[in-house]
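Structure first, commentary second.
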Amino acid sequence: MSLTRDEEQMVALVRDFIDQRVAPRVREFEEDDVYPEEFIEQMKELGFFGLLAPADHGGVDVSMECFARVCEELARGWMSLAGAIGGHSVITYLIKTFGTEQQQATYLPAMADGSIRATMALTEPSGGSDLQAMRTHADPVDGGFVITGSKTWISNASHSGLFGLLCVTDRSAAPAHQGMSVLLVEPGEGFTVSKKLPKLGYRGVEACELVFDGMHVPADAVLGGEPNRGWAHMMRGLEVGRVQVASRALGVGQASLEAATRYAQERESFGKPIWKHQSVGNLIADMATKQQAARLLTLDAAQKLDRGERADLEAGMAKLFASETAMQLALDSLRVHGGYGYSKEYDVERYFRDAPLMIVGEGTNEIQRNVIAAQHIARNKI
Ligand SMILES: Cc1cc2nc3c(=O)[nH]c(=O)nc-3n(C[C@H](O)[C@H](O)[C@H](O)COP(=O)(O)OP(=O)(O)OC[C@H]3O[C@@H](n4cnc5c(N)ncnc54)[C@H](O)[C@@H]3O)c2cc1C
């Protein structure tokens, strides 16, 4: 499949935004570690928050393949900018796909123009991998729900006007996932963004703890209107999320590769450009090959979603391979740069700090391997 002309233009627009506006100032923004309002405002104007929203609700409604390429370009400039639209895009997709007409009319136009930014809240202090053991619950009270519990590591939390909260709505359900719902929660009484967590990279975008202390929400906060269907909804959303994280990894990998390719031609030792030393040349060859493989896996998963097919296996493979590749490429690029790779004067040290997030986020790579193995066996039963 290929992109439409409009989609190609969108990718080109993002590339220009990164090269012209972001690249010259990214080190200053990342050093400050404050939410990059200026870039976010520009991203709103350029329509990046509405990439997955339907056109009749004010969105751009691009294909998943285009979305992946846009996210790669953003992350090539600064992974945090792709992170700023990560959870937001998953929640947009969930509301577009499973939301009631009222939920779509209420949220999608404001999400498309970025005036409401959304995030997804799954992880709890007691664990992010074992989601079925989650404790945050919403009990039915007076025709609505009362939410009690806490979430942690929630990206963009202080700047979000909408939380796609996965929580338990039927505490007696067995297995537990049959009693879970996604609630669309707006900040209000009984809700606190309690703590901003210090972290290695992914600077500018905050990750926070959330506390729900007997917060009341109406019954129509349940995504799709019908409770206890949230697990299936969120698993579908995570397929999109994993393609997004794979695309972020592609961006970091591409930036690492480009930096190494440039430096290996500029830097000389023993009377020749360092890439002509076989060890360095081999590194560059392996980097370029792995990056291409990661891209093809990611686009394959995106295309499956575009065809409306189940893509948990493919999205898991793309996320696993692209994130491990980004980490390897960041390290190899640092190697190619010698001592300068360790210096704050070059961007490579940032790639090295940003890459690990994609290994951990949206389900760790160990969890991806579990998903891939289970799906692979299920599709190849003897
Ligand atoms: C910067 C940042 C931003 C984040 N943003 C969000 C967000 O917006 N929303 C959100 O909901 N979450 C977010 N997360 C949380 C992230 O998704 C979790 O950290 C991740 O899912 C892992 O959960 P955990 O940290 O509790 O690790 P644990 O689940 O405690 O896992 C610890 C280790 O054990 C391994 N492990 C656990 N169970 C198994 C198993 N069955 N098989 C093999 N290995 C296993 C894991 O792979 C990992 O290596 C974010 C995290 C970070 C660091």
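For ligands, and for the atoms within them, numbers begin at 1 and follow the listed sequence. These figures come from a predicted structure and were not determined experimentally. Counting begins at 1 with the first residue of the sequence.
- Side-chain N/O atoms of Ser150 and Glu209 include no donor and acceptor closer than 3.5 Å.
- For atom 50 (C) of ligand 1, the nearest protein heavy atom is under 4.0 Å away.
- In summary, the side chains of Asp6 and Thr4 do not present any donor paired with an acceptor at a separation below 3.5 Å, with no hydrogens or angles considered.
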Open item on the list: Applying salt bridge (Lys or Arg N to Asp or Glu O under 4.0 Å) to Arg27 and Glu31, what does each step give before you reach the verdict?
Closed with: CA-CA 6 Å; Arg27 275 183 227 156; Glu31 181 78 24; over 6 Å; no
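- Placement of Phe39 and Met79 in two distinct hydrophobic clusters is found when ILVMFWY residues are connected by side-chain heavy-atom separations under 4.5 Å, directly or transitively.
- Short contacts between ligand 1 and Leu357, defined as distances under 4.0 Å to a heavy atom of the residue, involve ligand atoms 1 (C), 2 (C), 52 (C), 53 (C).
- Of all atoms in ligand 1, numbered sequentially from 1 with element shown, those under 4.0 Å from a heavy atom of Tyr202 are 1 (C).
- Counting only N and O atoms by type, the side chains of Thr169 and Ser181 include a donor and acceptor under 3.5 Å apart.
- Residues Glu41 and Arg21 are not paired through a salt bridge, judged by the lack of any N-O separation under 4.0 Å between the basic side chain and the carboxylate.
- For atom 10 (C) of ligand 1, the closest heavy atom belonging to the protein is Thr123 OG1, 3.4 Å.
- Residue Gly361 places no N or O, backbone or side chain, under 3.5 Å from any N or O of ligand 1.
- Taking 4.0 Å as the cut-off between side-chain N and carboxylate O, Glu8 and Arg5 do not count as a salt-bridged pair.
- For ligand 1, the atoms sitting less than 4.0 Å from at least one non-hydrogen atom of Ile367 are 39 (C), 40 (C), 41 (N), numbered in the order shown with element in parentheses.
- At a 4.0 Å cut-off, not a single heavy atom of Gly87 sits close enough to ligand 1 to count as contact.
- Those atoms of ligand 1 with a heavy atom of Asn370 less than 4.0 angstrom away are 40 (C), 41 (N), 42 (N), 43 (C).
- If you look at Asn156 next to ligand 1, there are no close heavy atoms at all, none under 4.0 Å.
- Of all the heavy atoms of Trp153, the ones lying under 4.0 Å from any atom of ligand 1 are found in both the backbone and the side chain.
- For atom 26 (O) of ligand 1, the nearest non-hydrogen atom of the protein is Gly128 N, 2.7 Å.
- Ranking protein heavy atoms by distance to atom 8 (O) of ligand 1, first place goes to Ser155 N, 2.9 Å.
- Between Arg248 and Asp354, no side-chain nitrogen of the basic residue sits less than 4.0 Å from a carboxylate oxygen of the acidic one, so the salt-bridge criterion is not met.
- Heavy atoms from both the backbone and the side chain of Val360 come within less than 4.0 Å of ligand 1.
- Checking Ser323 against Asn365 by side-chain atom types alone, a donor-acceptor pair falls below 3.5 Å.
- Within ligand 1, the atoms closer than 4.0 Å to a non-hydrogen atom of Gly127 are 26 (O), numbered from 1 in the order shown.
- From the protein, the heavy atom lying nearest to atom 9 (N) of ligand 1 is Met120 O, 2.9 Å.
- Arg69 has no carboxylate O lying under 4.0 Å from a charged side-chain N of Glu72, or vice versa, which leaves the two without a salt bridge.
- Between Glu239 and Arg242, no side-chain nitrogen of the basic residue sits less than 4.0 Å from a carboxylate oxygen of the acidic one, so the salt-bridge criterion is not met.
- In summary, the side chains of Gln328 and Glu324 do not present any donor paired with an acceptor at a separation below 3.5 Å, with no hydrogens or angles considered.
- Taking every non-hydrogen atom of Ile154 and a distance limit under 4.0 Å, the qualifying atoms of ligand 1 come out as 7 (C), 8 (O), 9 (N), 10 (C), 11 (O).
- Within a 4.0 Å radius of atom 34 (O) of ligand 1, the protein contributes no heavy atom.
- Under a 4.0 Å criterion applied to the non-hydrogen atoms of Leu122, ligand 1 contributes the atoms 10 (C), 11 (O).
- When the heavy atoms of Glu366, Met234, Arg369 are ranked by distance to atom 44 (N) of ligand 1, first place goes to Glu366.
- In summary, the atoms of ligand 1 found under 4.0 Å from a heavy atom of Thr364, numbered by their order in the structure, are 22 (C), 46 (C), 47 (O).
- Taking a distance limit of 4.0 Å, we find that atom 46 (C) of ligand 1 is approached by some protein heavy atom.
- Residue Ser129 holds the heavy atom nearest to atom 31 (O) of ligand 1 of all those in Pro356, Ser129, Gly241.
- The protein reaches atom 42 (N) of ligand 1 closely, with a heavy atom under 4.0 angstrom from it.
- Judged by distance alone, the side chains of Ser63 and Glu7 do bring a donor and an acceptor atom under 3.5 Å apart.
- Remark: Asp312 does not engage Lys304 in a salt bridge, criterion side-chain N to carboxylate O under 4.0 Å.
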